[in-house]
Each structure stands twice: as C-alpha cells, then as structure tokens.
2 protein chains.
Amino acid sequence: MAWNLQSDRPIYAQLVEEIQRRIVTGVYPAGSRLPAVRELAVEASVNPNTMQRALAKLEEDGLLYTQRTSGRFVTEETERIMQAKEEMAADLIRRFIESMGTLGYTSEQAMELIKKQKEEEQCKI
Amino acid sequence: MAWNLQSDRPIYAQLVEEIQRRIVTGVYPAGSRLPAVRELAVEASVNPNTMQRALAKLEEDGLLYTQRTSGRFVTEETERIMQAKEEMAADLIRRFIESMGTLGYTSEQAMELIKKQKEEEQCKI
DNA sequence: ATTATTGTATTAGGCTCTTAATACAATAAT
DNA sequence: ATTATTGTATTAAGAGCCTAATACAATAAT
C-alpha cells in the first residue's frame with residue numbers, strides 16, 4: 001500500500017484522502033483498529049503531527065473514533081462508510097464533468113473519450 | 001469570465017490552468033494579444049508577481065510569447081494549441097479513471113454513474 | 001505499583017507561496 | 001526628445017504547512 005504523496009498539495013489533505021480511501025475500500029474494515037499515529041507516520045514518511053492532523057479530520061467526519069489509550073478505530077456504522085464512498089465517487093464525477101465542460105466537452109463526448117482511452121489500453125497489453 | 005481561485009492549491013498553478021483553458025477554448029484566440037500582466041492581475045485579484053509567474057510558465061510551454069514592450073501574445077501555431085487541449089482532456093480522463101479505480105469502480109461502472117448523474121440533472125431542470 | 005503504549009499539546013525553525021512596494025529596461029506613441 | 005506602457009527584477013514581510021524535539025495524560029499490560 002503506497003501513499004503516493006505529491007508536493008503540489010498539502011500533505012495532510014492527501015493523507016485524509018488516502019486513509020478515507022482505505023476505509024471505504026475495506027483495507028481498514030469497519031470496527032477495526034488502525035495502526036498507531038506514530039506507526040502510520042513512519043509508514044507514510046511524514047511527521048506524527050501531520051498524521052495526527054489528518055486523523056483528527058477523519059474523526060471530525062465521523063469515520064474514526066478514539067479510545068484514549070487503546071488506539072483509533074474505524075466506525076462500526078457501515079452505512080456511514082458506504083455513504084462516504086458514494087460521496088467520494090459523486091464528487092469525482094461532478095468535478096470531472098465540470099472540468100471537461102470548461103474544455104468544451106459534453107458528458108457524451110467525455111464518455112466517448114473514456115471508451116477510446118480504454119480501447120487503447122487494451123492494445124497496449 | 002470568473003477565475004474561481006481556491007486556497008487549497010498554489011494560486012499561480014490555478015492561474016496557469018485557467019489561462020490555458022482560455023487559450024484552448026478560444027477565449028484568447030491564436031495570435032491575439034493578452035491583457036497586460038498588471039491588468040490580468042487586477043482582474044484575477046492577485047499580485048502582479050503571481051500572474052507573471054503563471055505567464056512565464058505558459059511561455060515556457062510554448063503557448064505564449066512575448067514582444068518586449070508590445071505585450072504577450074498567444075502562439076499562432078494552432079496545432080500546438082489543439083495538442084494542448086487534447087493533452088488536458090487526456091490527463092483529466094486518466095486521473096478520473098485512476099481515482100475511480102482506487103475506489104473500486106471499473107471504467108464501465110464510472111460511465112454508468114456519469115449517465116445516472118446526467119439523468120438526475122435532467123430531472124432537476 | 002510500575003511500565004509501556006496510546007493519543008495529544010507545545011515550541012521553534014525552515015520552506016514555499018503570496019503580497020506589497022519599488023525600481024529598472026525597452027519601445028511604441030506622442 | 002519625451003512620455004506612457006510594456007515586461008521584468010528585487011527586497012521585505014506575513015501566512016500556512018511541515019518537521020523536529022519534547023513533554024504530558026490516560027490506561028492497558030505486567
């Protein structure tokens with residue numbers, strides 16, 4: 001599991017996204033315990049403070065909760081997790097369509113281009 | 001024409017994207033003269049230095065060129081402009097499919113969701 | 001009781017981005 | 001020739017992000 005952090009955007013924001021991605025895809029299952037802040041920080045090669053900041057945000061969003069000295073856990077509310085996943089996808093779609101729109105492409109044209117790009121991928125393999 | 005600058009990403013990078021968008025969509029036609037740095041800076045509500053930085057990048061990319069005291073102009077090479085447009089679209093698609101992939105969606109599912117989202121848009125109107 | 005592990009808070013410093021205020025350089029317009 | 005307009009460069013200051021180094025607080029494990 002790579003963290004793939006870029007320097008063109010705040011790191012803590014990228015950490016939030018990556019952890020959220022791991023939650024909604026089941027890498028960190030509902031109810032499971034997360035690695036400790038310090039462990040996660042080492043794994044992602046960031047400062048514990050930065051990781052802490054990201055985790056605090058996810059807690060604020062209700063995807064994580066803390067048990068003082070046992071550690072942090074993914075929420076047991078699977079409904080909340082599915083909702084987060086759908087929101088993430090909807091957001092990606094909305095932003096994609098909007099960006100393609102400003103370039104002058106309709107959703108239909110966008111879907112056509114996705115098909116084409118996929119066909120090209122097929123040839124590569 | 002709005003600039004829509006966000007605070008979660010370097011402003012100069014957003015300026016590059018917006019000006020590039022205006023070039024490839026013909027808002028700033030091939031060969032035409034751009035407003036002066038200071039004018040653009042006022043229009044976008046940013047510091048002239050920041051706008052200068054964005055323009056220098058676009059010049060480096062070959063989409064603009066400078067005539068010392070007459071101003072800056074969009075390249076006359078329409079081929080270069082079309083290429084830039086296609087690159088921008090391809091990049092958006094690649095990143096979109098990649099992000100949807102990390103969420104567990106295939107390109108087919110992504111296209112399905114685009115369709116659905118579009119149908120919902122229809123209902124709203 | 002003691003120890004280790006957990007989350008959390010604080011302080012200092014460096015880095016990049018952004019703004020602000022100038023100044024300079026070149027040339028088109030007058 | 002003079003003036004105005006163009007791009008460009010410089011310096012200083014402030015804000016946000018990140019790291020580093022600590023220290024503290026709570027509790028599970030021993």
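What you see is a predicted model, and the numbers here were worked out from it, not measured in a lab. So that the names make sense, note that chain A is the first sequence line, chain B the second, and so on, each numbered from 1.
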Asks: I need the M111(B) CE to E112(A) CD distance, nearest 0.5 Å.
Replies: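 Between M111(B) CE and E112(A) CD, I get 9.0 Å after rounding to 0.5 Å.
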
Asks: Among the nucleotides dC18(D), dG7(C), dT19(C), which one has an atom lying closest to any side-chain atom of T66(A)?
Replies: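 Output: dG7(C).
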
Asks: Mark yes or no: R21(A) above the aromatic ring of W3(A), with NZ or CZ under 6.0 Å from the six-membered ring centre and no more than 45 degrees from the axis.
Replies: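 Not satisfied by the 6.0 Å and 45° rule.
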
Asks: To the nearest angstrom, how far is L40(B) atom CG from dT8(D) atom P?
Replies: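 Value for this atom pair: 13 Å.
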
Asks: For dT30(D), which nucleotide in any strand shown is its Watson-Crick or wobble partner with both distances under 3.5 Å?
Replies: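 Its partner is dA1(C) (Watson-Crick or G-U wobble, both distances under 3.5 Å).
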
Asks: Paired with dA13(D): which nucleotide, if any, by Watson-Crick or G-U wobble criteria at under 3.5 Å for both distances?
Replies: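 Partner of dA13(D): dT18(C).
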
Asks: Closest heavy-atom contact between T25(A) and T102(B)?
Replies: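 T25(A) and T102(B) have their closest heavy atoms at CG2-O, 3.3 Å.
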
Asks: Rounded off to whole Å, could you give me the CD-to-C1' distance for the E59(B) and dG7(D) pair?
Replies: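 Result: 9 Å.
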
Asks: Under 3.5 Å for both donor-acceptor distances, Watson-Crick or wobble: does dA9(C) have a partner, and if so which one?
Replies: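 dA9(C) is paired with dT22(D).
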
Asks: Could you work out which one of dT19(C), dA20(D), dT6(D) sits closest to the side chain of T69(B)?
Replies: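 Of the candidates, dT6(D) comes closest.
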
Asks: Tell me which nucleotide among dA26(D), dT6(D), dC17(C) gets nearest to the side chain of R68(B).
Replies: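 Nearest to the side-chain atoms of R68(B), counting from C-beta on, is dT6(D).
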
Asks: The side chain of Q52(A) lies closest to which of these nucleotides: dA20(C), dT8(C), dT6(C)?
Replies: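 Taking heavy atoms from C-beta onward, the closest nucleotide is dT8(C).
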
Asks: Examine distances only and state if a side-chain atom of R33(A) and a backbone atom of S70(A) form a donor-acceptor pair shorter than 3.5 Å.
Replies: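 Yes.
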
Asks: Between dA28(D), dT19(C), dG7(C), which one does the side chain of V37(A) approach most closely?
Replies: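 My answer, after comparing the listed nucleotides, is dG7(C).
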
Asks: Among the candidates dT8(C), dG7(D), dG7(C), find the nucleotide nearest to the side-chain atoms of R72(A).
Replies: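 Selected nucleotide (nearest to the side chain): dT8(C).
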
Asks: Take the protein atom CZ of R33(A) and the nucleotide atom C1' of dT5(C), then report the distance between them rounded to whole Å.
Replies: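 Roughly 9 Å, once rounded to whole Å.
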
Asks: Tell me the interatomic distance from R9(B), atom CZ, to dC17(D), atom P, rounded to whole angstroms.
Replies: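 Rounding to the nearest Å, CZ of R9(B) and P of dC17(D) are 15 Å apart.
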
Asks: Can a side-chain donor-acceptor contact be found between Y65(A) and E76(A) if the only test is distance below 3.5 angstrom?
Replies: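 Note: E76(A) and Y65(A) side chains meet the donor-acceptor criterion.
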
Asks: If I take atom CG in residue N47(A) and atom P in nucleotide dG16(D), what distance separates them, rounded to the nearest angstrom?
Replies: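 In whole Å, dG16(D) P and N47(A) CG are 19 Å from each other.
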
Asks: dT6(D), dT19(C), dT19(D): which one has an atom nearest the side-chain heavy atoms of T50(A)?
Replies: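 Side chain of T50(A) sits closest to dT19(D).
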
Asks: Side chain of R38(A), base of dG7(C): donor and acceptor closer than 3.5 Å?
Replies: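 Donor-acceptor pair under 3.5 Å: yes.
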
Asks: K57(B) has an atom NZ; how far is it from atom P of dC17(C), in whole Å?
Replies: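 Roughly 13 Å, once rounded to whole Å.
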
Asks: Would you mind reading off the distance between D8(A) atom CG and dC17(C) atom P, rounded to a whole angstrom?
Replies: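 Those two atoms, CG and P, are 10 Å apart.
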
Asks: Given atom CE of M51(A) and atom P of dT8(C), what is their separation to the nearest angstrom?
Replies: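 M51(A) atom CE is separated from dT8(C) atom P by 14 Å.
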
